[in-house]
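Note on naming: letters A, B, ... go to the chains in the order of the sequence lines (proteins, then strands), and numbering restarts at 1 for each one.
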Amino acid sequence: MWKFLGKRLIQMLFTLLLFQAVTYFLIDAQPGDIADLLAHDPSIPPGERDRLRAELGLDRPPVERFVKYIGNFYTGNLGVSFNEYPRQVTDIIKERLPRTLVLFFTASIVSFWAGFMSGKILAWRRGSFVEYASTIVGVTLYTVFTPWFALMMIWLFSVQLGWLPAGKFLSPEVWITAPASANAIFSRLIGTGFVGLTVMLAGFIISNKVTRKIRVPLRVASIIVPLSGALLYWTLNGLGVWGGDMLQHLVLPVLTVTLIAYGGNMLLTRTSMLETLREDYILTARAKGLPDKVVRDRHAARNALLPVWTGLVFSIGRSISGGIITETIFSWPGLGLTLLNASLVADIPVAMGTLTVIAILTLVSHLVADIGYAFLDPRIRY
Amino acid sequence: MWNKKWLALAALIVVASMLISACEPEVVTVETIVEKEVEVEVEKVVTATPEAAAEAATGGEADVYRIGIYEDPKTLNYWNYLGPGSSVWTAYVVNGYAANLYSLSDQRFDFVPSLAKELVQPVKEGDTWVYTVPMVETATWSDGEAIDAYDVVFTHNACKDLKLTQNWPSNCRPNGVEGIEAAVIDDYTVQYIFPVEPSLATWNAGIALAAILPEHFWKGQVEEAYGFIEGVEMPEAERPEDCDAEDLDDAGKAACEAWTVYDEAFENARKTLYEADPTGSPAYGGFTTDKFEPGAFVQRTKNDNYFFKGATISEYDDGTWMVEFPTGETRQLFGDASGEKTLEYVSGPHAPNVLLSIYGSQDAAFLAMQNGEVDYVIAPTGVSRGLREKAQTSGDIKTYVNADYGMYYVAFNMRKSPMDDFAFRQAIDIIVDKEFVVNKVLQGTVFPMYSTMPPGNGYWHNPDVPTPYKDFTRAERVAEAIKVLKEAGWNWTQEPEWSDDQQDVIPGEGLTMPNGEAMPEITILGPGPAYDPLRATFNQWISEWAREMGMPIKSELTGFNNMLDPVFVSADFDMYILGWSLGNVAFPDYYESFWHSRNDTATTGNFNTPGFKNDEYDAMIDEFMSTTDLDVAREKIFAAQVMLAEQRPYIPLFYKQVYDLARSNVQFPYTEVLGGIQNENAMQTDTIPLAQ
Amino acid sequence: MTMQTNGITVSTATHAPLWRIRLRLAWRSFKSSWATFAESPVGLIGLGVIIFFGLFALAHPILMHTVWDSATYDPQMGYDMEIAFHPAAPSVRHLLGTDPLGRDVLSQLMYSTRYEFVLGILSAVVTVVIATTIGAVAAYYGGLIDAFLMRLADLVIMVPFLPILIVLSSFTEVGMFELALLIGLLSGFGGNTIVIKSQALSVKVKPFIEAARIAGGSDFHIIFTHLIPNLLPIALLYMMFVVTSAIFSEAVLSYFGLTTIKMSWGIMINTAQTQGYLLRFDTWYLLIPASLAITLLCAAFYLVGRALDEVVNPRLRSR
């Protein structure tokens, strides 16, 4: 296992390096650098453009710049943004990454869970009207034109019903008097969510090991305790107003991304379940006269989980890029939006930084997927 | 059993609380910061609340003026803002941070004193020209420190000595004039010494408007920046052309090294200043920026020390400009205040707070305005038609329309054939039916343009620029273009012809140029329909009409970034369509940037993209740039407009109107102004948001 | 072609020419595949939608030559002079109204359909050509070549699709053709290669490959006449999903104003957006038809892909 991990880490590092090289030269090959864009103003005197270029280091040949960039990168210096000169790229990423992560992790987990649950039931009920109807819904969600769908959600929930705010991640008027920065409060929210989920999960895992009689109350408790703990914490720390405001703004984008991702997860589970159901051991289980629910949930679903798990992992990288759409429409200043703007103005350090973060996330999630396999499928050993 | 269950529950609670407290230490650091900020916040609230309450009681004014913007400011540091951190959005956020001696008046853009007591004339002393400017003695920064001559000289010297970049040069060496000195005469008198006779371009549109920043706040950071260039001297050897050249001799290498050291010293000095922390820097204008939540909003607080606060500004139709201060002191210029009053307002700041809320898109911002979440949305890229129509049907939102100070045009590369042929450019001008595209296809959302000066700039616009083809029908256009081309020696194997039956042109074939060769294929570069449907539409129509004439012209729609290199760097294009926003209304120096032969893009990388080279024009513009007489300057620009309309390096196509959409509770000091309300200085300070 | 898959040995002594036998066999296998395909109603629905859009696209040039006069109905340069105000609501003259620049929406929708097909199919073909070639080569040779190609695939999978398209489109001219190539390249070198390679591995160990090798067939010959034909069914399946993602990507890029395509469904939505008609529901005809068309056609190819999956992958069949 350790040997496997070590080997994988080295491979990952190599892949990352290759990725950085490819993307760096791709971005660099854009015609018209940022100096042309920033100094595109006749009232800026002649010569300023070249001076700016020199100041940003753009007057050096690309290979030289790349070597320097990589050297800096692996010593923790991601450079200075061209467009928001002289702001540190690390600073920009630190500010925006959490927002993206919260949005997409929440959506990924919820859609994974919901998609898996409904997918396995669908496969079981093959050929029924419910299956066809849900397939249509699933395919529609999977292929719907995302910008349009997001707009429809805004129209429905904030324009027509007025339940939720239409965009942004906070209401400025509430936040004028906020005692801490949005990011400080946001990281507390993340902390609370993380602790709450850990407690909940721990409760459920313990509940599987105890006798049936205390199982149910234990499960109830492991839902109620973290929830009330979180509530208590946010009432006592005096920041509840701002935390709540952020949560309220989180609902619509999370709902939208979840629905979009849900379709894919459901369809994948269904296909995977269908394949599993043809296996001999399922026939055996059925022949033994085990109840349907047991065969479905204990025998089939567990094996069908494997490809869906892969799908989830792959979707993390993809959902961040898909985030460009959602983030633009919901005025959600996360990583996707940052990348879009940075590539439009040839802000090489920021574009590189963002792409690299996405690449690292993808690489790590692939690693997690492989480790996950070992847990899901006892036949897999590293 | 139950006991066990409760035990388990209790255990869980303990675990949960432990986990929560476990993450507490990491939060503790945040906690201390939080407390500090609370204190600061409380102070602010204390100063703001009584004001707000008082005003709400008397005038029903809202305590926050909410403005929608689309992008984060790049910086809050004013040094950086005039340097690499400049952007439209940053301008709104740092507005008022710098003071100035003179400014341009409301609506009319007249040159008027602000911190200077009066208009002054230069005095020739030996080889130099000297402006001695008396400053007001009662003006203070928002922190109560006096604004004095030391601040003026401090800012001027920092700009000059550190060779500050981008927009700074026009603040200390405008128009390329080096060696302008500033000196303190006494606390409130400053002197500028010019090595050459100061023209309108260097004084009125340059030094006199320069930014002034508070010495007492920035002194430390500027000194730190000076530290980098201390003792660094300009190398004696000339700067080598190319330091990467392989055949560089030893002297060349030494020169390169010396220059590198020199450049780096200045780079480090500037960087130090550009990244200096601006927190708490005092402002001159109506508001200080106190809180910036990236991606969400910027909050600004009223500056009660603003010099003009409470002053009444009025203008009369005889040209008079007048300021009456609450103390009873008045300033009056350009007339004796006879005739109708055209403008009167009381200077702010009025609203206790300005909240600039950042939205991801125009749609989101206007949705917010409709829901009453913002009072006014700044839209420098224009408000799209659909949103405008919708706003007009809503009772709560008012639309203000003004002419834009900009120009959309098609340019010819006059370095190439056949674009260098006068008749060819004239023929294109004839066949381009601006009125049709503007009024029909674009539904009158923009206006056809004939002179290179937008008519909105009344002082400089020459109304007598000839428009010979304005009301031509399609048939007349085709006939006229054929005539012009044939006279110049162009020929067809089959002439194009207007057919009355089909109401269309029967395309010409086999077009040859005066030298007998077939006309080469040429392309019109332009932004694609996704970037700007207006220009894309115009582009396609122009090439369509040209093809009917038998000219092998095609539209190449591309991204703006892809046009930068062929148009502005290598000047390798045939024709292109783009637009300009024209800058200073009071002094249109773009006539030099765009068409003076010394700014040819191909040789200098400047902005004369067509490669227009005309000695008569150059002389005209040289005189315009060096004159000290406004009337002469105007005469020259009038003549230049006629000449450009004749020579056609550009064919102006259209100009836009600026739409400002605001909720009806917003009271702007005035709403009629070239470039729109969003271009007004008064837009934040002098506007009164009423409670809804 | 289908000889080996169906496991039928054809005697060389028959009198009929070989191509006719092959054709007959192909027809037979098509019929049985069709029967499997037709069992799935979703597949049939998908196919129906695709055929509908196909006819829709074909109808455009016919309409332009007969009923629609080009000055009014041209999807890019048309302008209806008889209507004073554009965008105009649906009427008999313009069944789906006109856009803000006075062009007929239905005509734009139909005209764009053609290009969506071209884009989808072109990028799918590029993908399949690349993915099968690389998959087959990697599986056949194994070793260093395999390792290199698979690491390349890992790299391409890691590249986030949309961001890289955005980056690329900001520095090259991205028209329909370039976009199709880009999408084809990215999806050809990525995940599809891995799937096809695993299929190729299972074909490689089949006896007929060994037989061909013993008979003295060159590597090139074996890969292109024995290995690849057996990969085509699964490649066809993945083609469908590539079509879906190509159409979707074009729409998103155009929506953000990143392509230089002159007319497409994405451009139609972009026009509605830049002209400010995005959040207005009285002008639904500027937004809904194009959005719906994108979703429908993407979904249709996806459904067909799924039904094909049941044909190609016997384990999925219901009985």
**Report entry** Interchain contact, C:Ile269 with chain A, by part (heavy-atom threshold 4.5 Å)
**Finding:** side chain
**Report entry** Under 4.5 Å from any heavy atom of chain A - which part of C:Leu303
**Finding:** side chain
Report task. Could you tell me whether the side chains of C:Ser254 and C:Glu250 share a donor-acceptor contact shorter than 3.5 Å? Result -> yes
Query raised in the report: Does the side chain of A:Met153 reach to within under 4.5 Å of the side chain of A:Leu259, using non-hydrogen atoms?
Result: yes
Query - Contact class of C:Phe301 relative to chain A, heavy atoms under 4.5 angstrom - result: neither
Requested in this report: Measure the acute angle between the ring planes of C:Tyr238 and C:Phe241, then classify it against the limits of 30° and 60° as parallel, tilted or perpendicular.
Outcome: perpendicular
Report task. Evaluate whether atom CG of A:Leu161 has more than 12 neighbouring non-hydrogen atoms of other residues, nucleotides or ligands under 6.0 angstrom away. Result -> yes
Requested in this report: Flag the pair A:Tyr69 / A:Tyr24 as yes when their ring centroid distance falls below 6.0 Å, and as no otherwise.
Outcome: yes
Report summary line: Most heavy-atom pairs under 4.5 Å with chain C, out of A:Thr140, A:Leu340, A:Ile154, belong to A:Leu340
Query - Contact origin within A:Leu355 toward chain C - heavy atom pairs under 4.5 Å - result: side chain
Query raised in the report: Side chain, backbone, both or neither: which part of C:Leu292 has a heavy atom under 4.5 Å from chain A?
Result: side chain
Query raised in the report: Which bit of A:Leu141 comes within less than 4.5 Å of chain C, counting heavy atoms only: side chain, backbone, both or neither?
Result: neither
Report task. Tell me, for A:Thr15 versus chain C, whether the close heavy atoms (under 4.5 Å) come from the side chain, the backbone, both or neither. Result -> both
Report summary line: The interface call for A:Thr23 against chain C, heavy-atom contacts under 4.5 Å, is side chain
Query raised in the report: Taking the six-membered ring where the residue is Trp, are the ring centres of A:Phe145 and A:Phe149 under 6.0 Å apart?
Result: no
**Report entry** C:Thr295 side chain to A:Thr143 side chain, donor-acceptor N/O pair below 3.5 angstrom
**Finding:** no
